Protein chains: 2
Amino acid sequence: MRRTPVGRQTRARGIPEATVARLPLYLRALTALSERSVPTVSSEELAAAAGVNSAKLRKDFSYLGSYGTRGVGYDVEYLVYQISRELGLTQDWPVVIVGIGNLGHALANYGGFASRGFRVAALLDADPNVVGSTAAGLPVRHMDELESIVAGQHVSIGVITTPPGAAQQVCDRLVEAGVTSILNFAPTVLNVPDGVDVRKVDLSIELQILAFHEQRKSGEEPEEGPIEEPPVRERTPGPVRAAAAKLRRAAGGKDTKGDSDRQAVLPA
Amino acid sequence: MRRTPVGRQTRARGIPEATVARLPLYLRALTALSERSVPTVSSEELAAAAGVNSAKLRKDFSYLGSYGTRGVGYDVEYLVYQISRELGLTQDWPVVIVGIGNLGHALANYGGFASRGFRVAALLDADPNVVGSTAAGLPVRHMDELESIVAGQHVSIGVITTPPGAAQQVCDRLVEAGVTSILNFAPTVLNVPDGVDVRKVDLSIELQILAFHEQRKSGEEPEEGPIEEPPVRERTPGPVRAAAAKLRRAAGGKDTKGDSDRQAVLPA
DNA sequence: ATGCGTTTGTGAACGTGTGCACAAAGATGG
DNA sequence: CCATCTTTGTGCACACGTTCACAAACGCAT
Ligand SMILES: NC(=O)c1ccc[n+]([C@@H]2O[C@H](COP(=O)([O-])OP(=O)(O)OC[C@H]3O[C@@H](n4cnc5c(N)ncnc54)[C@H](O)[C@@H]3O)[C@@H](O)[C@H]2O)c1
Ligand SMILES: NC(=O)c1ccc[n+]([C@@H]2O[C@H](COP(=O)([O-])OP(=O)(O)OC[C@H]3O[C@@H](n4cnc5c(N)ncnc54)[C@H](O)[C@@H]3O)[C@@H](O)[C@H]2O)c1
């Protein structure tokens, strides 16, 4: 195991981001094993349960330390504890949810939320019609109370489920109040100062990515082969390019890349 | 006809996955510009709007082709069209949502859903109490109808919002029926045959990642220093290591790496 | 103790992604 | 047609991530 590589100037310590993103996955698989009272698990088995390659899993764990016993595997309970600790789940994380509409309601009702150290400290909304109602047994409070709640309960994580137009403003207010991690469900790019983390969950983007691959499946390419790629690219004399670009823009035609110009490149 | 550089065996054609994941972001920013009737935009401006580095954006676009005019920028409308086409959004994508509980309801009501070529073909549930009710104006149909709906409307994208225990089973059925892209909201690893894409949205994972970074901010390391490494060190005779490992496992203590053994290692 | 089968931990090769920095393309004005 | 100014498209270097493959470590039986 040695010691940290140190050699690098970047990330002298610390766990690679890609690894951090997988730790919750391992933790989930381990928790399931733990509930079945499985005492130990090999990297192969656990990797299968988590849906990753076993070498990757071992390398991931190697960043945490040398847990695991050669010839045997990993002690499930011990690993659960180590990963939980590394992820900071041994402490309590109060969370505020801002924007209690369709999605905010669903999140508030989400059980798996509290299961792992996360606790809904408050539900907040700006709409007087919503404020005062309850969701999942919790009262919806008015935005005016945001600052006092965040300060009073030391909330450092905020969830934004407002319409996109309100997201940046809500974000600013959360940050101002002291929140330093934000989970954003609104389809907006949030601007935050250094030191504040933002992660986003964007249904629309996910669907579009699926659509992209879906198109590839049914459409063009035979699935795997070398594939014929379109012409144009690299070498087209300057002047012509310019003219072509002009034409394109003027006429809304398609050009250059992809199945497009299988046919005629220039309309003319 | 030409054909791709071919040199690589991997991804001979095609757009890098990281780029694909950003295209929807660019598209969203461009759509906003389009609505404001902005005719052209520079990579710098658009990158700012999308929250990315301008060099990255230019490189991303370069995979699509040579749209854009030097000294001017990109034609907004034209780019919107090109990206839409590349993502497959110029066609209609019927989608089924399975599991109309809290989250399924929220998704069904989500307006931004239909806005980009995605159309809810059907809402499905197994619970007789839910079947027959309506969500967002659509009737909730019984799972029995899944196969006929998927086949009849050529649905290739399915969204799973059932409890985790039902997810794999639902997934299998979707795939069997002909769905080849799945968006999974249940916290489960789905097994699918080759050719089927799965993307997941996992609130719990996102929160855990935030917690990890949050812990780093407030907690331990001074932010950058070389770090003091724990004892153990490289050369520890075999037997001792073994004994140590045993102890660890037996007592649920922590060991080896990092800040761990700050406080009391063993509860007792 | 020694040997055997198993499984970890990791070096090293490779693939993917990012960002700099700049030549070349084009616009624009004379 | 030339000079100048802007902005793209991309070569290149480096950072990050993944996977292979294997020695070393360990449990266990003899
Ligand atoms: N519903 C979904 O499934 C879904 C899916 C993906 C993304 N989203 C996004 O999530 C967000 C919420 O979606 P929704 O369907 O719940 O919308 P919604 O309109 O049902 O709820 C939004 C809530 O935010 C509140 N709000 C508005 N402005 C506010 C402000 N300035 N401060 C505090 N609260 C404010 C509103 O009163 C309302 O209760 C939207 O940005 C949407 O695009 C929703
Ligand atoms: N609610 C949230 O905000 C949230 C957040 C993150 C993840 N999730 C996950 O999303 C999923 C749904 O969450 P929810 O809060 O909407 O749960 P829910 O219990 O409210 O809804 C689940 C629905 O699925 C239906 N269902 C159960 N088994 C089915 C089957 N075999 N076939 C078809 N339908 C079936 C149920 O009848 C119910 O209507 C869960 O896996 C949950 O962990 C939810």
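Source: prediction; values computed, not measured. Every heavy atom of this structure was used, including side-chain atoms; hydrogens, water molecules and symmetry mates were not. Chain A is the first sequence line, chain B the second, and so forth, proteins listed ahead of strands; every chain is numbered from 1.
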For this session: Would you classify A:Ala18 as touching base, sugar-phosphate or nothing, given that sugar-phosphate means primed atoms plus P, OP1 and OP2, and contacts are heavy atoms under 4.0 Å?
Result: sugar-phosphate

Please check the phosphate of [N] (OP1 and OP2 only) for any side-chain N or O of [X] closer than 4.0 Å.
X       : N      : answer
A:Tyr74 : C:dG9  : yes
A:Ser66 : C:dG9  : yes
A:Ser43 : C:dT8  : yes
A:Asn53 : D:dC20 : yes

Who are the side-chain hydrogen bond (donor to acceptor under 3.5 Å, both in side chains) partners of [X], not counting sequence neighbours?
X        : value
A:Thr188 : none
B:Ser43  : B:Arg58
B:Ser84  : none
A:Ser62  : none

For nucleotides 22-24 of chain C, which of its nitrogen or oxygen atoms have a protein nitrogen or oxygen under 3.5 Å away, and what is each distance?
from: C:dA24; atom 1: N3; to: B:Arg70; atom 2: NH1; distance (Å): 3.0

Write down the distance between [atom1] ([X]) and [atom2] ([N]), rounded to a whole number of angstrom.
X       : N      : atom1 : atom2 : result
A:Lys59 : D:dG17 : NZ    : C1'   : 10 Å
B:Tyr63 : D:dG11 : OH    : P     : 10 Å
A:Leu64 : C:dT8  : CG    : P     : 14 Å
A:Leu79 : C:dG9  : CG    : P     : 9 Å
A:Glu45 : C:dT7  : CD    : P     : 8 Å
A:Ile15 : D:dC16 : CD1   : P     : 15 Å
B:Leu57 : D:dG9  : CG    : P     : 10 Å
B:Tyr67 : C:dA25 : OH    : C1'   : 18 Å

Problem set entry | Helix axis bend for the helix from C:dA1-D:dT30 to C:dG30-D:dC1 - C1'-based end axes, five pairs, 10° rounding | 0°

Seminar exercise, completed: Nearest heavy-atom contact between B:Val189 and A:Ala50 is CG2-O, 3.7 Å

Going by the rule side-chain contact (heavy atoms from CB on, under 4.5 Å), which residues pair with [X] if we only count those two or more places apart in sequence or in a different chain?
X        : value
B:Val72  : B:Thr40, B:Thr69
B:Ala47  : B:Val52, B:Ser54, B:Leu57
B:Asn53  : B:Ala55, B:Lys56
A:Ser181 : A:Ile157, A:Asp197, B:Leu210, B:Glu214, B:Lys217

For this session: Among C:dG19, D:dT18, D:dG9, find the nucleotide with the atom closest to the side chain of B:Lys56.
Result: C:dG19

Problem set entry | Out of D:dT7, D:dG17, C:dG26, whichever nucleotide has its closest atom nearest the side chain of B:Ser42 | D:dT7

For this session: For A:Phe61, enumerate each residue passing the ring pair (Phe, Tyr, Trp, His ring centres under 6.0 Å) test, keeping only those at least two apart in sequence or located in another chain.
Result: A:Tyr26, A:Tyr74

Exercise. Are the side chains of B:Val38 and B:Glu77 in touch, meaning some heavy atoms are under 4.5 Å apart?
Worked result: no

For this session: Kindly compute the distance separating CG (A:Leu27) from OG1 (A:Thr31), expressed to the nearest 0.5 Å.
Result: 4.0 Å

Problem set entry | 5'-most by nearest nucleotide on DNA chain D - A:Gly71 or A:Thr19 | A:Thr19

Exercise. Tell me, which of residues 22-39 of chain B have any heavy atom that sits under 4.0 Å from an atom in DNA chain D?
Worked result: none

